[in-house]
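See structure below.
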Amino acid sequence: MDQSQFRGTYRPYISPRDPCPPILVKTFVLPPQLFTNFQQPGLTQNSPEEALKQGSLWPQLVDGFSREEGIS
Amino acid sequence: MWVYEKKLLYPVEVTTCNPMLAKYLMEQYGGADGELAAALRYMNQRYTVPDTVIGVLTDISTEEFSHLEMLATMIYKLTKDATPEQLEKAGLGAHFVNHGHSLFYNNAGGVPFTSTYIQSKGDPIADLYEDIAAEEKARATYQWLIDISDDPGVTDALRFLRERENVHSLRFRESVEILKDERDRKKIF
Amino acid sequence: MNANEEEWNMLKKVQQADFVVVELTLYTDTHPNDIEALKQWRDAIKEASRVRREYEARFGPLSLLSVPSSQALDVGWRWSNTPWPWQR
């Protein structure tokens with residue numbers, strides 16, 4: 001799944017007096033619904049099995065999330 | 001009325017005895033942006049919104065109760081056979097002396113649920129914007145829970161629940177669009 | 001595959017079919033004039049009820065909207081029998 005279209009990044013100010021090792025780039029979520037204020041009819045659909053697994057009948061509404069992304 | 005279905009919305013599999021994780025999950029059980037708050041918020045707002053959006057609020061509220069049951073299942077399984085010592089080590093000592101092994105509508109910090117978490121303004125746009133915000137806050141909470149979960153089965157269920165918040169948020173956004181279509185063009189009936 | 005696993009898998013089929021209905025119900029709530037979607041929604045409800053009947057014929061009703069067979073009662077099925085959903 002290509003998540004990059006549903007993520008934003010910014011570079012926070014880094015102080016030399018920050019006590020923790022600084023994270024240079026912070027990532028945050030821009031979920032699919034931000035870009036679809038009204039769902040178009042006829043979008044591609046998941047199979048019932050895949051729909052339950054992913055959490056939606058429509059793959060275009062799924063952005064996924066995992067610890068491995070390292071957002072927090 | 002409602003009819004009980006003897007099944008979960010999503011098959012939840014918990015693999016660890018893990019009271020610490022149970023404590024964290026309580027944020028979505030009895031917390032401000034949790035499933036109980038969501039279910040009660042929508043179920044109460046639906047009486048005073050325009051007819052075109054009553055269905056959305058009713059159906060999403062009903063689904064939130066099934067999410068609440070999933071959370072309860074996870075918390076129940078994670079703590080079911082834990083000893084008082086294990087509970088205490090997990091920070092659930094205070095919970096144990098008050099509630100034993102039972103569940104309670106507390107957040108992860110042990111603060112009991114309160115109706116001040118939710119609002120009903122009697123103004124459809126104010127209510128729907130609160131609902132969209134509630135879905136995004138619940139999504140964020142699920143993200144931080146996924147980051148902290150060390151049980152693969154729980155992580156899988158949390159991933160499903162997070163995705164549902166995306167879909168619900170979209171349906172509330174669509175509800176706003178539906179109401180915008182009601183703008184006072186002098187209608188001929 | 002033991003009986004428990006078989007039940008789990010058949011229940012999963014019900015959960016999958018029901019989930020499609022959940023999704024299409026929410027969609028048609030905000031798209032009441034999408035005729036294609038309404039047709040699919042109807043079909044999804046039919047399919048979900050077919051899959052449910054398959055499960056219930058083996059393991060008993062999942063809700064009180066389904067009629068328990070007299071054989072089920074004969075072999076000791078009761079609505080209040082375990083496991084409840086959170087106990088599985």
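All chains are named by letter (A, B, ...) in the order of the sequence lines, taking the proteins before the strands, and each is independently numbered beginning at 1.
- Put simply, the side chain of B:Glu174 gets close to the backbone of A:Gln39: a donor and an acceptor are under 3.5 Å apart.
- For the set A:Leu61, A:Leu57, A:Thr36, A:Leu34, the entry with the most heavy-atom pairs within less than 4.5 Å of chain B is A:Leu61.
- A:Lys53 NZ: 12 or fewer foreign heavy atoms inside a 6.0 Å radius.
- In this structure, B:Arg164 is not positioned above the aromatic face of A:Trp58 in the sense of NZ or CZ being under 6.0 Å from the six-membered ring centre and within 45° of the axis.
- Not one N or O on the side chain of A:Arg67 forms a donor-acceptor pair closer than 3.5 Å with the backbone of B:Thr155.
- Counting non-hydrogen atoms of neighbouring residues, nucleotides and ligands closer than 6.0 angstrom, the CD atom of B:Glu177 exceeds 12 such neighbours.
- Under a cut-off of 6.0 angstrom, the local environment of OH in B:Tyr129 is sparse, with at most 12 non-hydrogen atoms contributed by other residues, nucleotides or ligands.
- Of the charged side-chain nitrogens involved, none lies within less than 4.0 Å of a carboxylate oxygen, so that A:Asp63 and B:Arg139 do not count as a salt-bridged pair.
- Contact of B:Leu9 with chain A is made through the backbone alone, with heavy-atom distances under 4.5 Å.
- Counted within 6.0 Å of CG on A:Leu43, heavy atoms from surrounding residues, nucleotides or ligands total more than 12; the atom is thus considered enclosed.
- Between B:Lys180 and A:Asn37 the shortest side-chain heavy-atom distance does not fall below 4.5 Å.
- At most 12 non-hydrogen atoms from other residues, nucleotides or ligands lie less than 6.0 angstrom from CD of B:Glu88.
- Between B:Asn166 and A:Ser56 there is no side-chain heavy-atom pair separated by less than 4.5 Å.
- Here the CZ-CD1 distance, from A:Phe38 to B:Ile178, works out to 4.5 Å after rounding to the nearest 0.5 Å.
- Ranked by non-hydrogen atom pairs under 4.5 Å with chain A, the options B:Arg171, B:Arg159, B:Arg162 are led by B:Arg162.
- Nearest heavy-atom pair across A:Gly55 and B:Val167 is O-CG2, 4.3 Å.
- Of all heavy-atom pairs spanning A:Ser66 and B:Ile146, the tightest one is CA-CG2, 4.2 Å.
- A donor-acceptor pair shorter than 3.5 Å can be found between the side chains of B:Glu136 and A:Gln33.
- Across all their heavy atoms, A:Leu52 and B:Phe160 have their closest contact at O-CD1, 3.3 Å.
- For the atom pair CZ (A:Phe65) and CG (B:Leu145), the distance works out to 10.5 Å, reported to the nearest 0.5 Å.
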